[in-house]
Colleague: 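First the structure, then my questions, so here it is.
Sequence lines set the chain letters: A, B, ... in the order given, protein chains first and strands last, and positions in each chain run from 1. Only a predicted model underlies this, so the values are computations on that prediction, with no experimental measurement involved.
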Amino acid sequence: MQTFLVTAVVLLGILAFHQRRKLIAAAWELRTREWERRTVIGFLNEIGGHFTSKLDLDESLDLVLDFTLKATRADAGGIFTFEGASREVLAPRVIKGLFPPLHEVTTEKLASRRKYLEEFVKKERIRTGEGIIGTVARTGQALLIPDARCDPRVPKAASDLVELEGLILAPLLIRKEVQGVIVALNKRDPDAPGTTFNEADLDLLKALADQAAITLHMIALYAEVQNMQRMEQELQVARDFQRLLLPRTTPNFPELEIAGLSEPALEVGGDYFDFIEVDERHLGVVIGDVSGKGIPGALVMATLRTTMRAEARGDLSPREVLRRVNATVTKDTSDGTFVSVTYGIVDRQQGTFTYARAGHEPLLCTGSNGSGPVSREPPGMVLGMVEGEFFDLIEEETVDLKSCGTAILYTDGVPEAMNSSREEYGQVRFEKVVGSRRAESPDGLIRAVLEDISGFTAGIPQHDDITLVVLRWRGQGER
Amino acid sequence: MKNYDLTIHEAQDGESFRRVDVIGCLDSHTVVSFEKALHGLLDQSVNSVMIDLSELSYISSAGISALMGLTHRLRKASGELVLLSPTDKVYRVFRTLGFTNIFKIVDSEAEAEGIFSPS
């Protein structure tokens, strides 16, 4: 009996210990995630402020690296990008702090004289695949080296030269294609002296690298345009960029059918949609329309997309997410640009859609047989205009996807499509086609609407983007 | 109907605000001239403005941005922008975008008078 009691107490103790560790781990994970989120948003704010003053690639790279080193508490770092179109050779674009060559070089020339180090590293070229920087450029995989001194991938000369300890490297990716590599060296955390980089630091570097890649890509494109000074080119760049921001694939679930499509207009644009994994059970759906067109509009759209993605993770209240996104977007847009957005979250277990509408077009439910389509327009104003009491009037509401039938989100390009007599396609005709084709799949419904619009406009080029996102609940039973 | 036209009425004796009529379309093309005219008026230390929207047939996001910019500027100077009688269509755009909470929208000049010089 006594043995049993002792065993039981020990087991309970172990259990309690494990529970506590789990709890601590969960709290830690949450804190780390929150910190990562805040850092990425801080980065966006800083870069956003920079956009309004100047768009210079080298200056921006400098800014990106500065921010990254501060955020990861690194002592030194660098950004490398491809030189020329062949993508075979990487050149350092910006270097900060004591940065040794990270591939095999003849160090005689260096003779451990630190003051020539920067000059030397800046002249060096790295072939794709060569050393750790070249490897990250080739594989597109981020790399964590907690202790460089005993890692065979780091040349000994490098660690001797600057007392190299830890390293993190991340690729700058645009649509999975490597554009360059960002490196941070030696963690110097005043709150935790003696610690080196860990997985959380690597995650943060990856998140920052994502933002940096998209930012730099945009600035490079913009610089191209500035050189050409041609309106048409600017529009083409904005269109390309806009396309880059749209999801390439649609998430697929057994219980939920989804389709999304954005048809950019020839001249102007500004529409955007996105799908965000809020958590395992909840899917975020965003649709938006930026009032500014061309490159400035595309920049606002990029900020919106990244801020939405950062804010949406793990938060089940669309109203709260939009309130925080509004704060960021309002800081970034000073010239009267605003964005209309509807953001909703599908609960894939309950079959519900909880959404808030920030000045965007209403949500349209096709309804079940016998009832007509219903437009839902809970209060809420556009993002980017005001913070505080006026914005806080935004309300969220939940619709049951089963009774909603098919749920349709769209931009004003749909009802405002024009024919040659400058008449609008209109809400009435739109709802009529939606009602009569409600049995269609989301994909089919979008096609039906687009066909009806092009029948109406009869070949007149559209003057605004047309975007539709359609959801239909299939139900748990039909898995 | 003309594509776009704007009239700034002369200051009347005893009137506490300046009246502006805007006709036609306020979109990204016409908004440039609209903003120039209105900001020019504000530069003359006018802080109370009523814009008659009854003949404005269309307003784009650029037009709304311009109205918002004017509202901000006037409120900073302790003044006010009042919008008179927008058409149903323009009002619907204001409502969808959530601007009906911010803009002062009235149906009559008397109502505007009450906002500019509250008794």
Colleague: Pick whichever of Ser340(A), Ala358(A), Gly380(A), Pro362(A) has the most heavy-atom pairs under 4.5 Å with chain B.
Modeller: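 Most heavy-atom pairs within the cutoff with chain B belong to Gly380(A).
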
Colleague: At a heavy-atom separation under 4.5 Å, does Phe94(B) approach chain A through its side chain, its backbone, both, or neither?
Modeller: neither

Colleague: Do the side chains of Asp452(A) and Lys432(A) get close enough for a salt bridge, i.e. N-O under 4.0 angstrom?
Modeller: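 The answer is no: the pair does not qualify as a salt bridge.
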
Colleague: For the candidates Ile102(B), Thr96(B), Asn101(B), which exhibits the highest count of non-hydrogen atom pairs separated by less than 4.5 Å from chain A?
Modeller: Thr96(B)

Colleague: Below 4.5 Å from any heavy atom of chain B, which atoms of Glu389(A) appear? Answer side chain, backbone, both or neither.
Modeller: neither

Colleague: Side chain from CB out, backbone as N, CA, C, O: work out which of these in Glu416(A) comes under 4.5 Å of a heavy atom of chain B, or both, or neither.
Modeller: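 The answer is the side chain of Glu416(A).
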
Colleague: So, Asp271(A) and Thr411(A): side-chain donor and acceptor under 3.5 Å apart, yes or no?
Modeller: yes

Colleague: Pick from Arg357(A), Arg376(A), Arg319(A): which one makes a side-chain hydrogen bond (donor to acceptor under 3.5 Å, both in side chains) with Glu397(A)?
Modeller: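 The residue from Arg357(A), Arg376(A), Arg319(A) that satisfies side-chain hydrogen bond (donor to acceptor under 3.5 Å, both in side chains) with Glu397(A) turns out to be Arg376(A).
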
Colleague: Any carboxylate oxygen within less than 4.0 angstrom of a Lys/Arg side-chain nitrogen, looking at Arg19(B) and Glu109(B)?
Modeller: yes

Colleague: Using the ring of each side chain (for Trp, its six-membered ring), is Tyr425(A) parallel, tilted or perpendicular to Phe430(A), with breaks at 30° and 60°?
Modeller: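 Plane angle between 30° and 60°, so tilted.
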
